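Below is one structure, written out as structure tokens; comments come after it.
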Amino acid sequence: MLDISRRPLPPAASPLDALAGAAKAVPAASLRALPASARLAFRGGERAAGLAGIAFGVELPREACRFNTASGKLALWLGPDEWVLLAPGLDPAPLFEGIEASLGSEPHALVDISSRSVGIELSGARAAFVLNQGCPLDLSTAAFPVGMCTRTIFAKSEIVLIRTAPDAFQIDVWRSFAAYVWGLLEEARREFE
Amino acid sequence: MQKFSGLELFRRALGGHQSWQPQWRNPEPKAEYDVVIVGAGGHGLATAYYLAKEHGITNVAVLERGWLGGGNTGRNTTIVRSNYLFDESAALYEHAVKLWEGLSTDLNYNVMYSARGVLMLAHNHHDVISFKRHVHANRLNGVDNEWLSAQECKAFCPPLNISSMRYPILGGALQRRGGTARHDAVAWGFARGADSRGVDIIQNCEVKGIRRDATGAVEGVETSRGFIKAKKIGVSAAGHTSVVMAMAGLRMPLESYPLQALVSEPVKPAFPTVVMSNTIHAYISQSDKGEMVIGAGTDAYTSYSQRGALHITTHTLDAICELVPQFRRLRMLRNWGGIVDVTPDRSPIIAKTPVKGLYVNCGWGTGGFKATPGSGNVFAHTIAKDEPHKINAPFTLERFRDGFLIDEAAAAAVAH
Amino acid sequence: MSGSFRTPVGGRIDRLNPVSFSFDGHFYRGFKGDTLASALLANGVHLIGRSFKYHRPRGVISAGSDEPNALVDVSRGGGRTTPNLRATQVELYEGLAAESQNRWPSLSFDAGAMNDLAAPFLPAGFYYKTFMWPAGAWKRFYEPKIRAMAGLGRAPVEADPDRYTQHYAHSDVLVVGSGPAGLAAALAAAASGAKVILVDEQAELGGSLLAETEATIEGKPAKDWLADTVAALAARDNVTLMTRTTAFGYFPHNMIALAERVTEHLPNPAATLPRERLWQVRAKEVVLATGALERPLVFPDNDRPGVMLADAGRTYLNRYGVQPGRRAVVFTACDAGYRAALDLAAGGVTIAAIADLRAAPKGELPARALAAGIDVRPGTAVVGTKGRLRVSAAELAKLRGEAAHGLGPVERIACDVVLMSGGFTPSVHLFSQSRGKLAYDPALQCYVPGASVERERSTGACRGIYGLTAVLEDGYAKGEAAAHAAGGGPVPARELTAEATDTGTDGFIGATPHPRNPAFAKAFVDWQNDVTSKDIKLATREGFRSIEHVKRYTTTGMATDQGKTSNMNALGIVSEALKTPVPQIGLTTFRPPFTPTTFGIFAGAARGDLFDPVRTTPIHGWAAERGAAFEDVAMWKRAHYFPKGGEDMHAAVARECRAVRTNVGIFDASTLGKIEIVGPDAAEFMNRIYTNAWSKLEPGRLRYGVMLREDGFVTDDGVIGRMAPDRFHVTTTTGGAPRVLAMMEDYLQTEWPDLKVWLTSTTEQWAVIAVQGPKAREVLAPLVEGIDISKEAMPHMSVREGRICGAPTRLFRVSFTGELGFEVNVPAEYGRAVWEQIYAEGERHGICPYGTETMHVLRAEKGYIIVGQETDGTATPDDVGLGWAVGKAKKDFVGKRSLARAAMSAPDRKQLVGVLTTDPNVVLEEGAQIVADPEAPVPVPMLGHVTSSYHSAVLGRSIALAVVKGGRARIGSKLVVPMPDRAIEIEITDPIFYDPKGERLDA
Amino acid sequence: MLIINCPWCGDRPEIEFRYGGEAHIARPADPATLSDEEWAEFLYNRTNPKGRHAERWRHIHGCGRFFNAVRDTVSDFFVATYKPGEPRPDLKETQP
């Protein structure tokens, strides 16, 4: 890709811009739209995963449904040969090229999906309760500890759910489903207003 | 057969109804029959009835594992319509509707065929084209079906929500001759009619095997009540067809899925017709007793458990509440499941099989009830004549080998 | 009579909190803690409803969710109207307004009661035997009459404004029922440290203990023990206590569905609260402590208001401080009747007599009744009652031996309440729903749980254990076992001894003897559905031998109480009529829900925009601001057209079409499905999935791909770009994206796991802006960086990467309009900004935004198909003119073998053609059929149908696409589209109407 | 809602999965050599047993992987789940 641009990047927009601006403060289940993040889908075998982890700066977890994190970046296990590399606030292009370069001829697939989804943070004492209004998983810290991540269901949308603290979750959701997920979360936390 | 009529009812009331005779006998199986029908659901009983009535074959037994009419006949949502797209299907279901229209009189049993109309809702452009294609094809096939605008849908069924919803209604296809019938009465009416013509209905008699002679032709059935010899065997076992046909060594293009239905508590008349929405997956009518009768598609996996998952019910009812938001406060009274046998093209098989003397009527999926009299009628013909009636001639097993599918599902994406 | 039946002290009602309410417009007072039933009884109101069929006056029979009779309509105004609520479960709140049902003009004078006189002509199943003449009269005449008479309450007519929510929960041990067994189970499980949920349908925990005045547990009065136990459980972090919560369904793999009524008992619920909540609880272990239901006795006229279950009478007195009457006759087959009589006597009610079916009742309670001077009559039956709207007397007769009519003379005893008890039936509903097999216990004359199928244990009365100490011990043991199985810690031993009078296990099922003519006496089995013992006998006489048949023929057990009070008695009557033991008659299936459950909780928040996700593109807001009309395509909202100044769709689309053909148009194609296929075997994978060949496609080039199902029919299509030797950018139809990806994953993972290739959905990564028209290049040229978009450098069907408006782009040169065209892919967050900049640049060139309708017209002018419109799942590639896209030289691809079947090359297959009406102003209806001879007799042979039809602005006439049998051979011939009012003449043409040589594409 | 044991993610609720029909029906290596009968057998005929059924599931809203399971179609209880490529477990030895 020729990367000599005389123009600045155009203004970015998120489907949550208006919704997040209008959200009420509900401390028991606080909702926040997360800032933009680089997201790379990485697919490949064991050796490729090892190389990719080194290039990304976060080892790719081999344990199912766990994430590793370092210097603000997250490597999420989503499947036995599938990871998502999250780098909040970073430009995906250099990350992409760095990992590609490090893999050489090792079979793998790297796809930039930075724009595919948006991030939502749900935190507070009732965060898990609110999530369980649409998510069928056991969200007790015993069953879904800090450090766990997985694709799952939230009502009629697929999400990636990440537990970053006992009372804090990140939700990664495809852009066009984000308003729906946000709306349902708003509905679900109303009783804690 | 004792005649049923208002006058008879009045006459016997004076005697405290002590003089009514059993509506059917409870016979012991004979050693041999000309025809054994496996399965005493509506289709099997209708087959026996028409074998006796139209073909004079009365040495017939209908074998039933449980109690007659206890399978899908007694579990379905009783919708009757014939506005199918393809010529073959339209002919088959229209044959059934014509029989429905005279069935109470024919059987001397009030099956409560209620032509209150079946309205299928269109929520997007694809639905609109598809339904209009149906309307035009049906008209040319002599099947009533008409296109209604959204406002006309509302006028025909005032409780409907047509606009303040996620997928507003763009119109609908209405078959005015469609409607409902009383499911139990259909089984009982055919049973009584068949029994009175000499057919033995043998309940609590499970078929365990199909015996074949040296030439491969059928010899009879092994049952929980012993071996019963039969010149011909007609399998009408719905969800259990694969199991029965395996006894004759045949593999079938069938999968059996749970299909759930539910009713609300009874309320005074509040819903005048049958409404179906395939786009949001639900259908609803109100029974004569006042219950809202509601159903949707099958569960996701094959099963003989006769029950399904709660998440199917939640999706069915969220669709119903979207269509009729004032019913949100009604309450579910009963929820149950049946087992439906589904073919790859969602059309039935009513045919001879590669085994001599073995005939099969199956693959009705979610739509078998509406065809009951027509299906029994042409299946009886197929068994009696050893060749299909022209109406069921296309519904062969061989169509899957040759590719001559009758793919209503693909063509219309409409639930039956 | 207001308040006159309220005892001065006692009960659990809150006497400091009086509550006023209305029933049928009359105002009454009760207390907080009352149910509507207890408050009405306290006011001397027994007549609460009319029966379903005969409209007989009916009162309260029970004190709980088994109530068959006392159904009312409760309204909070507007859409907040709920029919068919049981007065025994409706909690009183200030201002509650209830109305009786199924009566006209009034409850005490109901015209429908004429049906009772006609009852001889309305036996079970009468409607199957009549209303058949004349043909068609059923639908026109009889059915409307029957329907108007049937039904109970009225459905609300306004949309329900209340909110409902849903919740998934998990527990180690779920205990259903908070009577003594359930509490003991919860205590044990809680002590293990396991996560425990205890649910009860009532407003308070305690079950039978709530009406207990005499027993002691662990040395404390039951009331105190209950309070202490509830407090102890509530104090634990690992225990969740839920009241007003009905466990209504037992689903596979230990998922229990609960309905929690959150606000129904509140006078003014907060708007933030949901009315009800559906809980889907996954429990490692379940303890069912659902108790037992008292059985009524089936005797003539047992349905008069004032006839109620004995234990219900006791509950009204002990729990609610209400005398069910002044003077009671008790009819019993077990000691529970004596317990009720003794409690009521102590509460100031005169016990006129106790008629006991048993010849020689033994045990402590009968002895105490005798000692208390109560007129106890062993071997005696109540054989009838008197009274119009309320029982005024009971008729008793002595039983003589075993003979059916061996009865002594009838004695009439005045009373205003008849208490009956036929013993208790274990509440096995949830156990049975769990698919556990029931076992008949001949000693108890009831079904009890057999072997469990799920990880479940039944405890206490629901498995036939009676006696308070035994129940508590069983509950504690089951709770401990469940906790252990769920991985809980050790449970300390605890002696839960109780002092209580045992009511024994006697009982009766069936109909009790009476001297009346059995052909005419009305002894009710199912109160709500008006099923009498003679109806059941009629069914057996008519050959209905299976209990399922009897149930369906008579409707017994099919009312809103689902036979809680009636099922065992019906079995007893069938058993006697057929001279067959009960277990051989079978048992009807217990189906969810346990009690009727509000539709709203199943729907939850799914309404309107939360019914299904409303998927919108990054450019949606721009279109909405410009007044675009939208259409639903799968879950997406797509801009349909952009009307200007009052234009209708036709005018807007004509303008948009002209703009694209003459200048340039801009279209939001973001909803197209996109899949990135990456890996060294990417091309091989493409070869196997698509009909065409991909190996030789150069990077930087695009190709149109067709995809079949394995059965040979077209399932999707799209333009695919090769970004690199090992990377394809695949596009799919909007609706087909999930299906296509799922199908690709299926083949890749299960058939070809050896291929080194991976699939990633990128549908939402890219916003896609189609810029189409002769001036497209001029519009884009100044905005693009790093790409030479000249005709020579970037020919039709090529792709380049670079930047546009500063954003990275994959720029496709592709056209679905037949014009020079580009599709600009940019990361989604830049979609709107890039769109706006292109639009601004384009304004100098007359750029026009267009919607899906214009897109459809333009592609139809070019004869391009839309999968799902020209195809319907029964079309082969050749059928729709895509035979050229099938790689004949390829050995295999998905669907290839099926194309070789006989039917796939039949001469009369429908083929894609163009259609022109002879009258250019007639636009055919999409879906219209095509025939050769519209005058042919029905069924008219049909040749095909119109798949797409539009007015073409650029051609100045209508055009259509169609699939027609042998269509390509018919080009140039005339056929007919028959409409109801006219026959439209058409000519079959080539499907390409505009620029057939494709010169504009290469501009 | 069934609980399904994903070989990678463990016990998860049914709504995260998609059913994939009967298992161990391999696509013929060279379909062109098959007769119409043989092709129809592959395409359409299914065992559809009442009892133990080997079937495919995909953890579509989880790890995305296809896997196989043996389930009793009468009780809906799973006997086993296993990764693709692994043989169908010997069912006689495994009790529900």
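In what follows, chains are A, B, ... by sequence order, proteins preceding strands, each numbered from 1. This structure is a prediction, so every number in the text was calculated from the model and none was measured.
- When side chains are defined from C-beta on, Val938(C) does not count as touching Leu140(B), because their heavy atoms never get closer than 4.5 Å.
- The side-chain heavy atoms of Lys289(B) and Phe52(C), taken from C-beta on, include a pair separated by under 4.5 Å.
- Across all non-hydrogen atoms, the minimal contact from Arg591(C) to Asn335(B) is CB-O, 3.6 Å.
- Contact of the Lys139(C) side chain with the Arg116(B) side chain is registered, since non-hydrogen atoms from C-beta on lie closer than 4.5 Å.
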Check the pair Phe544(C) / Trp67(B) against ring pair (Phe, Tyr, Trp, His ring centres under 6.0 Å), numbers first and verdict last.
CA-CA 10 Å; Phe544(C) 295 90; Trp67(B) 36 281; over 10 Å; no
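- A donor-acceptor pair shorter than 3.5 Å can be found between the side chains of His125(B) and Glu926(C).
- Judged purely by atom type and a 3.5 angstrom limit, Gln562(C) uses its side chain to pair as donor or acceptor with the backbone of Leu333(B).
- Across all their heavy atoms, Thr874(C) and Asp407(B) have their closest contact at CG2-CB, 3.8 Å.
- Residue Ala187(B): no heavy atom, backbone or side chain, is found under 4.5 Å from chain C.
- The heavy-atom pair separating Pro120(C) from Ala13(B) by the smallest distance is O-CB, 3.3 Å.
- In terms of heavy-atom pairs under 4.5 Å with chain C, the best-connected choice from Lys3(B), Gln21(B), Glu8(B), Arg139(B) is Arg139(B).
- Side-chain atoms of Arg435(C) come within 3.5 Å of backbone N or O of Ser305(B) as a donor-acceptor pair.
- Looking at Arg166(B), its side chain does come within 3.5 Å of a backbone N or O of Met635(C) through a donor-acceptor pair.
- Considering all non-hydrogen atoms of both residues, Phe126(C) and Leu9(B) come closest at CB-CD2, 3.8 Å.
- Heavy atoms of Arg545(C) lying under 4.5 Å from chain B belong exclusively to its side chain.
- Looking at Ser287(B), the atoms closer than 4.5 Å to chain C (heavy atoms on both sides) all sit in the backbone: N, CA, C or O.
- Side-chain atoms of Arg331(B) and Thr598(C) include no donor-acceptor pair closer than 3.5 Å.
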Let's go through Trp138(C) and Asp288(B) carefully: what are the C-alpha distance in whole Å and the side-chain angles of both, what is the deciding distance for side chain to side chain contact (heavy atoms under 4.5 Å, CB included) to 0.1 Å, and is it a yes or a no?
CA-CA 11 Å; Trp138(C) 170 255; Asp288(B) 287 337; 3.2 Å; yes
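- Contacts between Leu7(B) and chain C at a heavy-atom distance below 4.5 Å are absent for every atom of the residue.
- Of all heavy-atom pairs between Leu317(B) and Phe602(C), the closest is CD1-CD1, 3.4 Å.
- Neither the backbone nor the side chain of Asn517(C) comes within contact range of chain B; no heavy atoms are under 4.5 Å apart.
- Looking at His549(C), its side chain does come within 3.5 Å of a backbone N or O of Leu68(B) through a donor-acceptor pair.
- Interface residue Glu322(B): only side-chain heavy atoms are found under 4.5 Å from chain C.
- Contact check for Pro156(C) versus Leu330(B): side-chain heavy atoms found under the 4.5 Å cut-off.
- Between the side chain of Asp160(C) and the backbone N or O of Gln326(B), no donor-acceptor pair lies under 3.5 Å.
- Interface check for chain C: of the options Tyr167(B), Trp188(B), Phe271(B), the most heavy-atom pairs under 4.5 Å are formed by Trp188(B).
- In summary, Asp318(B) and Arg607(C) do not engage in a salt bridge, as defined by a charged side-chain N under 4.0 Å from a carboxylate O.
- Remark: the backbone N or O of Ala155(C) is not paired with any side-chain donor or acceptor of Arg329(B) at under 3.5 angstrom.
- For Glu101(B), no part sits under 4.5 Å from any heavy atom of chain C, backbone or side chain.
- Counting only N and O atoms by type, the side chains of Tyr164(C) and Arg328(B) include no donor and acceptor under 3.5 Å apart.
- In this structure, the portions of Ala137(B) lying under 4.5 Å from any heavy atom of chain C include both its backbone and its side chain.
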Asp87(B) and Met942(C): side chain to side chain contact (heavy atoms under 4.5 Å, CB included), yes or no, with the steps?
CA-CA 9 Å; Asp87(B) 300 348; Met942(C) 286 170 262; 3.5 Å; yes
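- Not a single donor-acceptor pair under 3.5 Å links the side chain of Arg25(B) to the backbone N or O of Gly543(C).
- Proximity of a side-chain donor or acceptor of Arg401(B) to a complementary backbone N or O of Arg901(C) within less than 3.5 Å is not detected.
- Proximity to chain C is absent for every atom of Gln2(B), based on heavy atoms less than 4.5 angstrom apart.
- Smallest separation of non-hydrogen atoms from Arg147(C) and Pro272(B): NH1-O, 4.3 Å.
- Within the 4.5 angstrom heavy-atom criterion, only side-chain atoms of Asp184(B), from C-beta onward, approach chain C.
- Using modelled atom types, one finds a donor on one side chain and an acceptor on the other under 3.5 Å when comparing Gln23(B) with Tyr553(C).
- For Tyr128(C) and Tyr109(B), the distance between ring centers is under 6.0 angstrom.
- Note on ring orientation: taking the six-membered ring where Trp is involved, the planes of Phe10(B) and Phe121(C) are parallel (angle under 30°, cut-offs 30° and 60°).
- Chain B forms more heavy-atom pairs under 4.5 Å with one residue of Ile146(C), Val931(C), Leu152(C), Thr540(C) than with any other, namely Leu152(C).
- Considering only heavy atoms from C-beta on, Phe611(C) stays 4.5 Å or farther from Met165(B) through its side chain.
- Within the 4.5 Å cutoff, no side-chain heavy atoms of Thr130(C) are placed close to those of Phe4(B).
- To the nearest 0.5 angstrom, Tyr250(C) atom OH is 14.5 Å from Leu310(B) atom CG.
- Side-chain atoms of Asn102(C) and Lys268(B) form a donor-acceptor pair, as typed in the model, at a separation below 3.5 Å.
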Dump the intermediate steps for side-chain hydrogen bond (donor to acceptor under 3.5 Å, both in side chains) on His311(B) and Gln280(C), then the final yes or no.
CA-CA 10 Å; His311(B) 62 266; Gln280(C) 299 181 66; over 6 Å; no
